[in-house]
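Okay, structure first, notes after.
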Amino acid sequence: MSTHMPDSHNLDKIIGTRVRIASTSKNLEQKELAKIINISQSYLSRIESGDRSLSAQLFCAICISLEIEEAKLNPYKNAPILAPLILPM
């Protein structure tokens, strides 16, 4: 059984799109999320567009800030992009 692994640029785009969807679903503006995770809004914009990769630390900070499971942003975990992104309380 073979699994198609996205190349690094496609991976960045997939994760960036998922970050944007998750923050939008939380009604969180880009400027607000950037402030919470301590990066510039322009850097977050580049992440969301797939032009920048995420460090593990930043990936975790985004998940914690958005209250979502890491698997929801990680395409290797087969998490559908339109799956519920909010953690149950």
Side-chain angles (χ1 to χ4, degrees):
M1 177 184 211
S2 69
T3 302
H4 179 294
M5 303 297 264
D7 64 42
S8 62
H9 183 68
N10 284 338
L11 179 62
D12 293 340
K13 284 196 171 294
I14 292 166
I15 292 173
T17 298
R18 291 177 181 200
V19 168
R20 185 172 46 254
I21 290 169
S23 59
T24 300
S25 75
K26 300 286 266 178
N27 296 318
L28 195 59
E29 292 184 15
Q30 196 178 62
K31 180 179 178 179
E32 295 170 306
L33 178 57
K35 184 176 181 178
I36 292 168
I37 60 176
N38 200 31
I39 63 172
S40 70
Q41 183 178 354
S42 62
Y43 189 71
L44 180 56
S45 176
R46 290 192 298 264
I47 289 169
E48 289 182 351
S49 66
D51 293 332
R52 297 291 294 194
S53 296
L54 286 170
S55 66
Q57 181 179 2
L58 190 52
F59 183 85
C60 290
I62 288 171
C63 292
I64 291 166
S65 299
L66 295 174
E67 299 176 323
I68 60 172
E69 299 173 30
E70 292 87 351
K72 297 296 183 187
L73 297 183
N74 183 350
Y76 293 115
K77 294 290 185 182
N78 297 320
I81 196 165
L82 298 177
L85 296 169
I86 314 250
L87 286 174
M89 295 301 224

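The figures here come from the full heavy-atom set of this structure, side chains too, leaving out hydrogens, waters and symmetry mates. The chain is numbered in sequence order, starting from 1.
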Could you grab the distance from atom [atom1] of [X] to atom [atom2] of [Y], nearest 0.5 Å is fine?
X	Y	atom1	atom2	value
Glu32	Ser65	CD	OG	12.0 Å
Ile47	Ser55	CD1	OG	8.0 Å
Ser45	Arg52	OG	CZ	12.0 Å
Ile21	Leu66	CD1	CG	12.0 Å
Asn10	Ile15	CG	CD1	11.0 Å
Asn74	Ile14	CG	CD1	10.0 Å

(message) Restricting to non-hydrogen atoms, name the atom on Cys63 and the atom on Leu73 that form the minimum distance, rounded to 0.1 Å.
(response) SG-CD1, 3.6 Å

Extract all donor-acceptor atom pairs below 3.5 Å that involve side chains of residues 33-42 and protein atoms in other chains or at least two apart in sequence.
residue: Ser40; atom: OG; partner: Ser42; partner atom: OG; Å: 3.2
residue: Ser40; atom: OG; partner: Tyr43; partner atom: N; Å: 3.0
residue: Gln41; atom: NE2; partner: Gln30; partner atom: OE1; Å: 3.3

